[in-house]
Amino acid sequence: MSEAPDLPLWAAILVSALILVGSAFTLIGSFGLARLRNFYDRAHAPTIGSSAGVGLIALASIVCFSILGSRFVFQEAMLFIFVSLTMPVTLMLLARASLFRDRAEGNPEVPPVTVPPVTSPSPSALPEPGLATPVEPVAAPAKQPVPREDKSGD
Amino acid sequence: MSAEILGWSLTVAQVFLGLALVFTVYRLLKGPRAQDRVLALDTLYINAMMLMLTLGVRYSTEFYFEAAMVIALTGFVATAALAKFLMRGEVIE
């Protein structure tokens with residue numbers, strides 16, 4: 001077909017299988033991103049590409065360069081570690097932001113805050129202060145203009 | 001023989017990754033809300049990073065690894081900043 005490194009046969013088969021399976025995982029994840037309906041469903045789909053896809057392709061690259069250079073090359077594992085550490089952080093930030101925006105707009109599809117401050121607005125009764133701040137009536141008018149502005153732009 | 005196997009499977013893998021990029025660009029352009037676009041941008045970064053890794057295997061140079069590392073770093077920073085912007089309306093308060 002085109003140029004590729006000249007590995008021994010078993011290594012070529014191993015690297016090919018790893019790369020094919022990894023890219024197939026990535027394709028499935030991105031297809032799920034394009035196909036699923038809800039944002040919260042869609043947030044799950046690309047993580048298969050960023051965990052299994054990056055892991056398998058980085059492993060294939062490690063095997064290929066270790067055999068080509070006849071020494072153990074480890075640097076692609078660093079990439080896998082970095083991606084698998086940062087991906088949950090970004091996805092949790094994004095899901096929290098999306099949940100906050102949906103709650104600020106009163107979207108009925110998202111679950112409400114677990115303990116609504118109805119009768120006793122004492123702050124000790126709230127289970128988690130970060131969860132309860134969007135529905136407090138004091139904080140709501142100050143934060144509402146931001147999602148509305150974004151909504152008109154979308 | 002072995003180079004042929006590896007070359008063909010690399011071509012198939014790059015076609016798969018290109019299709020994955022097309023799906024994420026579809027979601028990036030269509031996505032009904034801003035968080036869908038941010039999620040699609042993050043997936044686009046990861047997919048481009050994997051395409052860089054397969055290119056590095058194909059041409060058997062180590063330079064593509066550095067490009068992949070830079071893409072992963074900028075993707076993390078961009079997605080974290082955009083999620084912060086969606087949450088608070090400002091990146092740095």
Side-chain angles (χ1 to χ4, degrees), chain A residues 1-9 11-13 15-17 19-20 22-24 26-27 29-31 33-35 39 42-43 46 49-50 53-54 57-58 60-61 64-65 68 73 75-76 78-79 82-83 86-87 89-91 93-98 100-101 143 145-146 150-151 153-154, chain B residues 1-17 19-24 26-27 30-40 42-44 46-47 49-51 53-54 56-60 62 65 68-69 72-73 75-76 79-80 82-90:
Chain A
M1 173 59 198
S2 57
E3 75 177 286
D6 205 5
L7 296 175
L9 186 60
I13 290 174
V15 171
S16 304
I19 282 184
L20 278 179
S23 59
T26 311
L27 180 61
S30 298
F31 181 68
L33 176 75
R35 181 72 196 270
F39 170 77
R42 264 178 235 140
S50 62
V54 174
I57 290 181
S61 185
C64 177
F65 286 121
L68 277 181
V73 178
Q75 51 189 4
E76 278 85 5
M78 201 169 73
L79 199 63
F82 177 75
V83 169
T86 57
M87 198 68 184
V89 177
T90 57
L91 279 186
L93 271 175
L94 199 57
R96 293 297 266 181
S98 168
F100 171 71
R101 281 164 61 103
K143 287 176 183 173
V146 179
D150 276 1
K151 194 181 167 190
D154 258 347
Chain B
M1 175 63 187
S2 68
E4 213 166 294
I5 291 174
L6 192 52
W8 272 105
S9 62
L10 276 170
T11 306
V12 173
Q14 282 168 353
V15 169
F16 279 2
L17 289 174
L19 270 177
L21 286 176
V22 168
F23 283 137
T24 52
Y26 165 76
R27 182 52 71 192
K30 192 198 167 213
R33 306 204 54 205
Q35 53 258 36
D36 296 301
R37 295 174 206 264
V38 176
L39 182 64
D42 190 53
T43 314
L44 192 72
I46 298 287
N47 289 350
M49 191 197 75
M50 278 186 262
L51 197 56
L53 280 183
T54 55
V57 172
R58 179 185 284 275
Y59 298 113
S60 63
E62 308 253 327
F65 166 73
M69 198 75 210
L73 278 169
F76 168 62
T79 313
L82 282 170
K84 186 84 190 305
F85 178 76
L86 289 186
M87 180 90 111
R88 308 286 296 180
E90 286 178 40

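Just the heavy atoms: all of them, side chains too, but no hydrogens, waters or symmetry mates, feed the values below. A note on names: the letters A, B, ... follow the listed sequences, proteins ahead of strands, and every chain is numbered from 1. Predicted model, so just to flag it, every value in this text is computed and none were measured.
For B:Leu82, no part lies near chain A; criterion is any non-hydrogen pair under 4.5 Å. Residue contact with chain A, scored on non-hydrogen atoms closer than 4.5 Å, involves the backbone and the side chain of B:Leu39 alike. Interface remark: B:Asp42 contributes side-chain atoms only to the contact with chain A (heavy atom separation under 4.5 Å). Using a 4.5 Å cut-off between heavy atoms, A:Phe39 touches chain B through backbone and side chain atoms alike. Only the side chain of B:Tyr26 comes within contact range of chain A, with heavy atoms under 4.5 Å apart. Both the backbone and the side chain of A:Phe31 come within less than 4.5 Å of a heavy atom in chain B.
For the options A:Val89, A:Thr86, A:Leu93, heavy-atom pairs under 4.5 Å to chain B are most numerous at A:Thr86. When each of B:Thr43, B:Leu44, B:Leu21 is scored by its heavy-atom pairs under 4.5 Å with chain A, the top score falls to B:Thr43. Contacts with chain B were tallied for A:Ala12, A:Ala17, A:Ser16; A:Ser16 has the most, counting heavy-atom pairs under 4.5 Å. The residue among B:Gly56, B:Ala68, B:Ala13, B:Ala40 with the most heavy atom pairs within less than 4.5 Å of chain A is B:Ala13. Counting heavy-atom pairs closer than 4.5 Å to chain B, the top residue among A:Val73, A:Val54, A:Leu91 is A:Val54. For the set B:Lys30, B:Met69, B:Lys84, B:Gln14, the count of heavy-atom pairs under 4.5 angstrom toward chain A peaks at B:Met69. Note on A:Leu94, A:Ile57, A:Leu68: by heavy-atom pairs under 4.5 Å with chain B, the leading option is A:Leu94.
With hydrogens and angles disregarded, a donor-acceptor distance shorter than 3.5 Å links the side chain of B:Ser9 to the backbone of B:Leu6. Judged by distance alone, with hydrogens and angles left aside, the side-chain atoms of B:Ser2 form a donor-acceptor pair with the main-chain N or O of A:Leu7 at under 3.5 Å. A donor-acceptor pair under 3.5 Å is formed between the side chain of B:Thr11 and the backbone N or O of B:Gly7.
Qualifying side-chain hydrogen bond (donor to acceptor under 3.5 Å, both in side chains) partners for A:Thr90, counting only residues two or more places apart in sequence or in other chains: none. Taking the side-chain hydrogen bond (donor to acceptor under 3.5 Å, both in side chains) definition, one finds that A:Ser30 meets it with B:Asn47, sequence neighbours left out.
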Please evaluate residues A:Gln75 and A:Phe65 with respect to the criterion side chain to side chain contact (heavy atoms under 4.5 Å, CB included), reporting the C-alpha separation (whole Å), side-chain torsions for both, the decisive distance (0.1 Å), and the verdict. CA-CA 10 Å; A:Gln75 51 189 4; A:Phe65 286 121; 5.6 Å; no
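Annotation: side chain of B:Phe65 is in contact with side chain of A:Leu79 (closest heavy-atom distance under 4.5 Å).
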